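Letters go in sequence order (proteins before strands), and every chain restarts at 1. None of these values were measured; they are calculated from a predicted model.
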2 protein chains.
Amino acid sequence: MTQDDDERLDRAFLALADPVRRQIVARLSRGPAGVNELAEPHAISLQAVSKHIHVLEQAGLVTRTRDAQRRPVHLAPEALERLTAWIDHYRLVHERRFRSLDALLAQDPAQQEDP
Amino acid sequence: MTQDDDERLDRAFLALADPVRRQIVARLSRGPAGVNELAEPHAISLQAVSKHIHVLEQAGLVTRTRDAQRRPVHLAPEALERLTAWIDHYRLVHERRFRSLDALLAQDPAQQEDP
DNA sequence: AGGCTATTCAACTGTCAGGTTGAATAGGAC
DNA sequence: GTCCTATTCAACCTGACAGTTGAATAGCCT
């Protein structure tokens, strides 16, 4: 785990730690959209939404293209994949340890915690 | 998506948006540990680590037990599972849309973006 | 050119997260 | 009881983040 990876994960997890940004991601999963459209469900200014998009972009979760004066936002699923990869790794490490501990206890009840 | 769910996701994603806390989660995937042990790899005070653990606990990512004056921290994998569930849901929505768009384009190249 | 739309930049504000130090609590061990 | 260990509480500082308003940029449209 390099420091670069760390910063990338920081930004990605932080980006998703906000309901507005999660809703933007949810909307984008159904296809690209412009700032106005993304802002519509929220009771905040357009500029605030623009900032949220920037945060998502820095986290690598979305990309932007150009279409006349519009700058549509697109979901970048690879970044989402990196997050699940991180989480699932440790979830599996934990589960595997748990299973082998179970097996150990089943064969010798005298053993407790952390062999 | 209720507001309660939102707050729970906020806390969980925010909890993982910090390298110290992620390292704590990584360590705990290998078994429970006390504050001192969790603090050892980090160049910050014990109190700071204690706060990090509190954040993880509020997010439901860890639980604590008691063992004499120790208060071991345990990983709570269900919370991790909720996170991957959220991410994977939208990842799949996106992928499915992408596939069907591909299919559409393959059968009629005149169609472009968002049918 | 002038106007309309979409989006961003800039400056400012209030809140909160992460760190520190110093004192306090909880529970063995002697 | 007294000491030692593990952990937390409290008060404080600093910086980053989410929001605001107002001005600026970019690119159609007539």
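Counting non-hydrogen atoms of other residues, nucleotides and ligands closer than 6.0 Å to CZ of A/R66 gives a total above 12. The environment of A/R70 atom CZ is sparse: at most 12 non-hydrogen atoms of other residues, nucleotides or ligands sit within 6.0 angstrom.
Of the candidates B/L61, B/V62, B/I24, B/V73 forms a side-chain contact (heavy atoms from CB on, under 4.5 Å) with just one, namely B/V62.
Of the side-chain N and O atoms in B/H52, one or more sit less than 4.0 angstrom from OP1 or OP2 of C/dG19. The side chain of A/S50 contributes no N or O atom lying less than 4.0 Å from OP1 or OP2 of C/dT7. When the side-chain nitrogen and oxygen atoms of B/H54 are compared with OP1 and OP2 of D/dC9, none of them lie within a distance under 4.0 Å. Distances shown here put a side-chain N or O of A/N36 below 4.0 Å from the OP1 or OP2 atom of C/dT7. The shortest distance between the side-chain N/O atoms of A/R70 and the OP1/OP2 oxygens of D/dC28 is not below 4.0 Å. Close to C/dG18, at under 4.0 Å from its OP1 or OP2, lies a side-chain N or O of B/R21.
Spacing between atom CG of A/D18 and atom P of D/dG19 amounts to 6 Å, rounded to whole angstrom units. Protein atom CZ of B/R66 is 18 Å distant from nucleotide atom P of D/dT5, rounded to whole Å. In this structure, the CD1 atom of B/I24 is 12 Å from the P atom of D/dT7, given to the nearest Å. Atoms CD (A/E7) and C1' (D/dA16) sit 15 Å apart, rounded to a whole Å. Between the CG atom of B/L38 and the C1' atom of D/dA6 there is a distance of 13 Å, rounded to whole Å. Rounded to a whole Å, the NE2 atom of A/H42 is 17 Å from the C1' atom of D/dT20. Here the P atom of nucleotide C/dG18 and the CD atom of B/Q58 are 13 Å apart, to the nearest Å. The nearest whole Å value for the distance from the CZ atom in A/R11 to the P atom in D/dA16 is 14 Å.
The shortest distance between side-chain heavy atoms of A/H52 and A/L38 does not fall below 4.5 Å.
Minimum atom distance to the side chain of B/A68 is reached by C/dG27, of the listed C/dG19, C/dG27, D/dT7. Nearest to the side chain of A/L14, among D/dT7, D/dC17, C/dG19, sits D/dC17. For A/R71, whose side chain is taken as the heavy atoms from C-beta onward, the closest listed nucleotide among D/dT8, C/dT8, D/dG19 is C/dT8. When each of D/dG19, C/dG28, C/dG18 is scored by its nearest atom to the side-chain atoms of B/V55, the top-ranked nucleotide is C/dG18. Residue A/S45 places its side chain closer to D/dT20 than to any other of C/dT7, D/dT20, D/dA18.
Residue B/Q47 places no side-chain atom within donor-acceptor reach of the base of C/dG18, judged by atom type and a 3.5 Å distance cut-off alone.
Residues B/L46 and A/L46 both approach DNA chain D. Their nearest nucleotides, taken by heavy-atom distance, put B/L46 toward the 5′ side. Taking for each of A/K51 and A/R64 the nucleotide of DNA chain C with the nearest heavy atom, the 5'-most of the two is the partner of A/R64.
Judged by distance alone, the side chain of A/R21 and the main-chain N or O of A/L56 form no donor-acceptor pair under 3.5 Å.
B/H94 and B/Y90 have their aromatic ring centers separated by at least 6.0 angstrom.
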